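Just follow the structure's listing: the first ligand is 1, and inside any ligand the first atom is 1. Everything quoted here is computed from the prediction, not taken from an experiment. Nothing fancy with the numbering, it's 1 onward along the sequence.
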Amino acid sequence: MRVNLLDFDAAALAAYVESIGEKPFRARQLLHWIHQRGVASFDQMTDLAKSLRGKLGDGASVDALPVLKDSRSADGTRKWLLDVGAGNAVEAVYIPADDRGTLCVSTQAGCAVNCRFCSTGKQGFSRNLSTAEIVGQLWWAEHLLRRAGLAATEGERVISNVVLMGMGEPLQNYDPVVAALRLMLDDNAYGLSRRRVTLSTSGMVPQIDRLALDCPVALAVSLHAPNDALRDDLVPLNRKYPLRVLLAACQRYLRYAPRDFITFEYVMLDGINDSDVHARELVSLVRDVSCKLNLIPFNPFSGSGLRSSSLERMKAFARVLTDAAIVTTVRKTRGDDIDAACGQLAGEVQDRTRLQERTHRLPPLVVAR
Ligand code: SAH
Ligand code: SF4
């Protein structure tokens with residue numbers, strides 16, 4: 001079977017190159033050709049010896065996921081539906097802004113965490129993505145957008161920031177995610193700074209600690225509730241890693257983090273987690289953690305039975321936080337006309353967890369005002 005070179009971070013590529021009887025520095029050349037120049041054909045890698053090109057042609061390839069659909073939003077956001085086989089598809093989203101270009105990457109087909117307000121979660125879980133499938137989203141999008149002329153100057157990168165906020169819980173797919181992160185940071189590949197790569201997690205505590213040592217990128221934690229009773233219901237993983245344990249992990253991560261704060265995400269659900277009482281509870285909860293709060297309007301999807309808080313309510317909620325000196329932003333929704341906003345990424349998932357069936361047996365949502 002051919003190996004896909006997108007699966008290899010620098011160390012793995014060096015080991016592969018050695019295994020075919022070549023010098024380790026060839027790995028660096030390959031990283032340049034593949035990740036910096038977007039070349040997939042070994043014939044075009046002109047500074048490699050013909051014999052090496054031959055060996056690579058026989059045993060290796062550079063394959064990103066096939067694109068099933070390419071959607072463009074009126075605000076410049078672009079979404080790709082990518083085929084991951086067996087009837088599954090995931091999504092990647094490019095979000096341009098004045099001073100940056102952000103790519104939102106998926107890490108799993110579906111997600112097993114099953115948060116109440118998330119359309120990915122509602123579909124159940126099919127499988128983890130490989131390193132090639134994760135970093136391939138960046139490889140493909142970056143070079144496509146460059147070819148489309150989006151780089152300010154020739155050879156300059158288009159994507160300056162990556163967020164692991166697409167489909168899936170990245171820390172439930174740890175090793176492939178970390179290898180993909182290493183490639184994003186590698187100077188011979190994308191050379192992104194740790195501050196510009198953000199991993200978002202619903203709270204996998206042991207893996208937060210591992211990430212601090214293995215590859216400490218910027219961390220976002222999906223909080224969504226100020227107490228365990230409500231969070232147990234919204235983010236079922238809370239039953240395993242409750243808030244006290246999660247916040248202690250955030251404190252530990254801060255010693256390694258590339259920024260001196262953790263970003264807490266909080267999706268604003270009308271009548272569920274958005275009262276001033278909740279805001280005050282949130283203030284006491286996060287008071288001791290150096291953090292910023294992102295309030296995300298709930299992005300609706302069919303059958304969710306939930307509504308977003310009004311802008312007025314979000315502003316009032318934000319005021320309680322800012323009055324307590326917590327830096328708070330109300331996030332703008334981008335790309336909602338193409339269902340590319342947070343939590344709307346649905347792709348196509350063949351559920352292997354019988355989630356729909358099990359969900360019927362969960363108790364009704366706690367509504368605390
Ligand atoms: N699994 C990870 C990363 C993917 S979700 C996590 O949960 O953090 C990325 C962000 O989108 C999370 O903060 C998540 O809570 C939020 N999100 C999920 N569904 C949403 C929805 N319908 N509207 C707004 N944000 C949502
Ligand atoms: Fe999974 Fe994140 Fe969606 Fe929760 S919000 S179901 S963890 S993708």
Fill in: Heavy-atom closest contact (Phe264 atom, Cys250 atom, distance)
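Distance-wise, the nearest heavy atoms are CE2-SG, 3.9 Å.
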Discussion item. Minimum heavy-atom separation for Val62 and Asn4, please, with both atom names.
Written reply: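 Closest approach of Val62 to Asn4, heavy atoms only: CA-OD1, 3.6 Å.
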Worksheet entry | Close-contact set for ligand 2 against Ser202 heavy atoms, below 4.0 Å |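 Listed by number with element, the hits are 7 (S).
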Worksheet item: What atoms in ligand 2 come closer than 4.0 Å to a heavy atom of Gly121?
Response: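 Once the distances to Gly121 are compared, the set is 6 (S).
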Proximity of [X] to ligand 1 by residue part, where a heavy atom lies under 4.0 Å:
X: Cys115; answer: neither
X: Val113; answer: neither
X: Met165; answer: both

Discussion item. Less than 6.0 angstrom separating the ring centers of Phe8 and Tyr16, yes or no?
Written reply: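 Ring centres of Tyr16 and Phe8 closer than 6.0 Å.
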Nearest-0.5 Å distance, [atom1] of residue [X] to [atom2] of residue [Y]:
X: Met314; Y: Ile296; atom1: CE; atom2: CD1; answer: 10.5 Å
X: Cys104; Y: Ile159; atom1: SG; atom2: CD1; answer: 11.5 Å
X: Leu192; Y: Leu183; atom1: CG; atom2: CG; answer: 11.0 Å

[X] touching ligand 1 at heavy-atom level, < 4.0 angstrom:
X: Pro300; value: no
X: His224; value: yes
X: Pro297; value: yes

Worksheet item: His143 vs Tyr190 aromatic rings, parallel, tilted or perpendicular, using cut-offs 30° and 60°?
Response: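 Correct class here is tilted.
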Practice prompt. Could you tell me how the ring of Tyr94 sits relative to the ring of Trp80: parallel (under 30°), tilted (30 to 60°) or perpendicular (over 60°)?
Written response: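 Tilted.
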Heavy-atom nearest neighbour in the protein, as seen from [atom], with distance rounded to 0.1 Å:
atom: atom 2 (Fe) of ligand 2; result: Gly168 O, 4.5 Å
atom: atom 3 (Fe) of ligand 2; result: Cys118 SG, 2.3 Å
atom: atom 1 (Fe) of ligand 2; result: Cys111 SG, 2.3 Å

Practice prompt. Record the part of Asn114 in heavy-atom contact with ligand 2 below 4.0 Å; permitted values are side chain, backbone, both and neither.
Written response: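 Backbone only.
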Worksheet entry | Salt bridge Asp43-Arg53, side-chain N to carboxylate O under 4.0 Å |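 A salt bridge is absent here (no side-chain N lies under 4.0 Å from a carboxylate O).
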Worksheet item: Got a salt bridge between Asp276 and Arg313, using NZ or NE/NH1/NH2 to carboxylate O under 4.0 Å?
Response: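 Salt bridge: yes.
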Discussion item. Strictly under 2.8 Å, is atom 3 (Fe) of ligand 2 approached by any N, O or S atom of Cys115?
Written reply: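 No N, O or S atom of Cys115 is closer than 2.8 Å to atom 3 (Fe) of ligand 2, so no.
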Fill in: N/O donor-acceptor pair under 3.5 Å between Arg280 side chain and Ser275 backbone
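A pair under 3.5 Å: no.
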Item to complete: Evaluate salt bridge (Lys or Arg N to Asp or Glu O under 4.0 Å) for Arg210 paired with Asp175, printing each intermediate quantity in order.
Response: CA-CA 11 Å; Arg210 284 179 67 191; Asp175 291 336; 3.6 Å; yes
Need the ligand 1 atom indices (1-based, order shown) with element for anything under 4.0 Å from a heavy-atom of [X].
X: Thr201; answer: 6 (C), 8 (O)
X: Asn299; answer: 21 (C), 22 (N), 23 (N), 24 (C)
X: Ser202; answer: 6 (C), 7 (O), 8 (O)
X: Ile296; answer: 24 (C), 25 (N)
X: Gly168; answer: 1 (N), 2 (C), 3 (C), 4 (C)

Discussion item. Looking at ligand 2, is there an atom of it that comes within less than 4.0 Å of some heavy atom belonging to Ser222?
Written reply: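 Under 4.0 Å: no for Ser222.
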Worksheet entry | Proximity winner for atom 6 (C) of ligand 1, if only heavy atoms of Ser222, Cys118, Cys111, Gly166 are counted |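 It is Ser222 whose heavy atom sits nearest to atom 6 (C) of ligand 1.
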Worksheet item: Applying the side-chain contact (heavy atoms from CB on, under 4.5 Å) test to His32, which of His35, Gln29, Arg28 qualifies?
Response: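 Of all the options given, the one that passes is Arg28.
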Discussion item. Geometry only, no angles: is Val267 polar-contacting ligand 1 at N/O separations under 3.5 Å?
Written reply: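 In fact, backbone or side chain, Val267 has no N or O that close.
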Item to complete: Please confirm whether Phe117 comes within less than 3.5 Å of ligand 1 when only nitrogen or oxygen atoms on both sides are compared.
Response: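 Among all N and O atoms of Phe117, at least one is under 3.5 Å from an N or O of ligand 1.
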